[in-house]
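One structure is given here, and the rest of the page talks about it.
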Amino acid sequence: MFNVIVNCHARRYKKIVAETEKRLRARGIGYRIFYTQRTGDACKYARSLSQAGGREFIVVGGDGTLNEVVSGLSDPSVCTLGLIPAGTGNDFAAAVNIPRGIRALGLILDGTPQPVDYIECGTRRSINIAGTGIDVEILRRCAAMKHGTNKGKYFRSLVATLLHYRGTKLTVTAEGETKEYFALIAAVCNGKQLGGGIPLCPAAKADDGQLELVVVESPKRSQLLPELIRLMRGKLLGRPITHHIPCSAAVISSPDGSIFVQYDGEIEEAQALNAHLVSGKLKMYRG
C-alpha cells in the first residue's frame with residue numbers, strides 16, 4: 001500500500017497524480033492519496049500514517065515536501081520512500097539521480113529501494129543540506145515577497161542580499177574542535193547542492209555514511225561577488241576562505257543568540273543547529 005503525499009502547489013501535480021493512479025491500478029497496487037494545503041501538512045500526514053503502520057510512501061513535490069515527510073516519519077528505518085520531483089529546485093533528487101516528473105515513477109515501480117543517509121537535527125530532520133548564513137537570508141527575503149514567480153523572487157532576493165549581507169558570527173564544533181568564524185555560510189551536507197542547483201559541496205554523497213561540514217568565511221566586500229561566482233561553479237571548496245570538514249556530527253551556533261536555520265529550504269529559528277548523520281536506515285527509490 002503506497003501512501004502518496006502530494007503538494008498541491010507542485011508543478012503539474014494533477015497530471016502526475018492522474019498518471020500515477022493509472023499505472024498503480026494497472027499493476028494492482030493499492031494506494032491512498034493525501035493532498036497538502038499548507039506548510040506542515042506533509043509532516044503531519046507522514047507522522048500519523050507511519051504511526052498507524054504505514055511503511056511505503058511516495059512524495060509528489062520538491063525539497064520542502066520531501067523534508068517534511070522525512071521529518072514526520074515515526075521510524076524511518078522501517079519505511080521506504082519514493083519521490084516524484086515536482087518542485088522548484090529538486091536539489092536532493094539531482095543528488096541521487098532521480099529524474100524529474102512522472103519519469104521518476106518508473107524507478108518506484110521497477111527499481112529496488114536503496115539505503116540513503118539523513119541528518120537528525122533535534123526537533124526535525126534534513127535529507128539534503130541544513131545550515132545558516134547568506135542562503136537563509138535570501139530565502140527569508142524571498143518568503144516575504146508577495147508578487148512574482150518563484151525564480152523571479154529568488155533572483156531579486158539574491159540581489160538585495162548581496163547589497164546588504166555582511167556575514168554572521170558563528171561557533172562551530174566538529175571532530176572534537178570548536179572554532180569561531182565570521183561566516184558567509186555554514187552548513188552540513190548530505191546532498192551536493194541547494195538553491196535550485198548551487199553546488200555547495202560537490203564531494204557529498206548521500207549514501208557514504210559521512211556528513212560534510214562546509215564553513216565559508218565572509219570575504220572582503222570587494223571579493224564577495226567573485227567568491228559567489230566560484231560557489232555557483234562548484235569551485236569554492238578549494239578556496240582559502242572555505243573550511244571543509246568530513247564528520248559524523250556538528251554543532252553550529254551563534255554567540256549572539258538564536259539563529260535562523262534552513263532545513264532543505266525550510267526555515268526555522270533555533271538556538272543551534274545540532275546535527276548528526278544517520279546512515280543507511282532509510283530506504284529510497286533512486287538512480
Side-chain angles (χ1 to χ4, degrees), residues 63 67 71 91-92 95 117-140 161-162 164-195 198-206 208-221 223-224 227-228 230-232 234-279:
D63 293 312
N67 174 274
S71 293
D91 287 306
F92 189 72
D117 304 336
Y118 63 88
I119 309 167
E120 283 282 3
C121 304
T123 58
R124 68 179 305 153
R125 302 181 179 113
S126 169
I127 196 168
N128 188 47
I129 295 175
T132 190
I134 192 171
D135 57 328
V136 173
E137 291 304 307
I138 293 170
L139 290 171
R140 290 182 67 197
T161 304
L162 287 177
H164 298 96
Y165 191 72
R166 296 293 184 270
T168 185
K169 293 179 183 178
L170 293 175
T171 302
V172 179
T173 300
E175 296 296 288
E177 275 193 85
T178 298
K179 293 185 178 181
E180 292 191 353
Y181 300 94
F182 189 68
L184 183 70
I185 187 170
V188 287
C189 307
N190 185 44
K192 300 175 184 292
Q193 63 184 53
L194 77 171
I198 300 172
L200 178 62
C201 189
K205 295 182 179 179
D208 65 352
Q210 183 170 276
L211 194 62
E212 310 289 343
L213 170 65
V214 176
V215 181
V216 181
E217 294 187 72
S218 189
K220 294 180 180 179
R221 193 70 187 161
Q223 290 300 307
L224 178 57
E227 296 294 1
L228 287 175
R230 292 185 181 99
L231 169 60
M232 299 293 286
K235 304 295 185 181
L236 201 60
L237 285 188
R239 299 290 295 164
I241 63 171
T242 302
H243 306 271
H244 175 209
I245 306 167
C247 57
S248 59
V251 179
I252 301 171
S253 61
S254 170
D256 297 329
S258 62
I259 56 175
F260 285 95
V261 179
Q262 67 86 10
Y263 305 89
D264 305 336
E266 301 298 299
I267 300 173
E268 284 188 4
E269 189 173 7
Q271 291 303 307
L273 170 56
N274 195 332
H276 73 270
L277 192 74
V278 178
S279 180

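These numbers come from a predicted model, not from an experiment.
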Checklist entry - Would you say the side-chain atoms of Asn128 pair up with the backbone N or O of Leu194, donor to acceptor, closer than 3.5 Å? => result no
Checklist entry - Taking C-beta and beyond as the side chain, do Tyr181 and Val172 meet within less than 4.5 Å on heavy atoms? => result yes
Checklist outcome for this item: Nearest heavy-atom approach of Thr132 to Val136 is CA-CG2, 3.6 Å
Distance-only criterion, 3.5 Å: show the donor-acceptor pairs between side-chain atoms of residues 245-259 and protein atoms not counting sequence neighbours.
from   : atom 1 : to     : atom 2 : distance (Å)
Ser254 : OG     : Lys169 : O      : 3.4
Ser254 : OG     : Asp256 : N      : 3.1
Ser258 : OG     : Glu269 : OE2    : 2.6

Item to check | Shortest non-hydrogen contact from Ile267 toward Phe260 | outcome: CG2-CD2, 4.0 Å
Checklist outcome for this item: Test side chain to side chain contact (heavy atoms under 4.5 Å, CB included), reference Val188, set Leu277, Ile129, Leu273, output is Leu273
Item to check | Lys235 versus Arg239, closest heavy-atom pair with distance | outcome: O-CG, 3.7 Å
Item to check | Distance in Å, Lys179 NZ paired with Thr171 OG1, rounded so as to fall on 0.5 Å steps | outcome: 13.0 Å
Item to check | Working for side chain to side chain contact (heavy atoms under 4.5 Å, CB included), residues Leu184 and Leu228 | outcome: CA-CA 10 Å; Leu184 183 70; Leu228 287 175; 4.1 Å; yes
Checklist entry - Does Gln262 reach the side chain of Arg140, with side-chain heavy atoms less than 4.5 Å apart? => result no
Checklist entry - Checking Ser218 side chain against Phe182 main chain: does a donor-acceptor pair fall under 3.5 Å? => result no
Checklist entry - Going by heavy atoms in the side chains, are Glu212 and Lys205 under 4.5 Å from each other? => result no
Checklist entry - With respect to Ile185, which candidate in Leu200, Val214, Leu236 satisfies the side chain to side chain contact (heavy atoms under 4.5 Å, CB included) definition? => result Leu200
Checklist entry - Which heavy atom of Ile241 sits nearest a heavy atom of Pro219, and at what distance? => result CD1-CB, 4.3 Å
Checklist entry - Tell me, do Ser126 and Asn190 make a side-chain contact under 4.5 Å, heavy atoms counted? => result no
Next on the checklist: Rounded at 0.5 Å granularity, tell me how far CD in Glu217 sits from CD in Glu227.
Outcome noted: 11.0 Å
Checklist entry - Going from CD on Glu180 to OG1 on Thr173, what distance comes out if it is rounded to the nearest 0.5 angstrom? => result 9.5 Å
Checklist entry - Gln193 versus Ile198: any side-chain heavy-atom pair under 4.5 Å? => result no
N/O donor to acceptor pairs below 3.5 angstrom from side-chain atoms of residues 117-124, sequence neighbours left out:
from   : atom 1 : to     : atom 2 : distance (Å)
Asp117 : OD1    : Ser279 : OG     : 3.1
Asp117 : OD1    : Gly280 : N      : 2.9
Asp117 : OD2    : Asp208 : N      : 3.3
Asp117 : OD2    : Gly209 : N      : 2.8
Glu120 : OE2    : Arg125 : NE     : 2.9
Arg124 : NH1    : Glu268 : OE2    : 2.8
Arg124 : NH2    : Asn67  : OD1    : 2.3

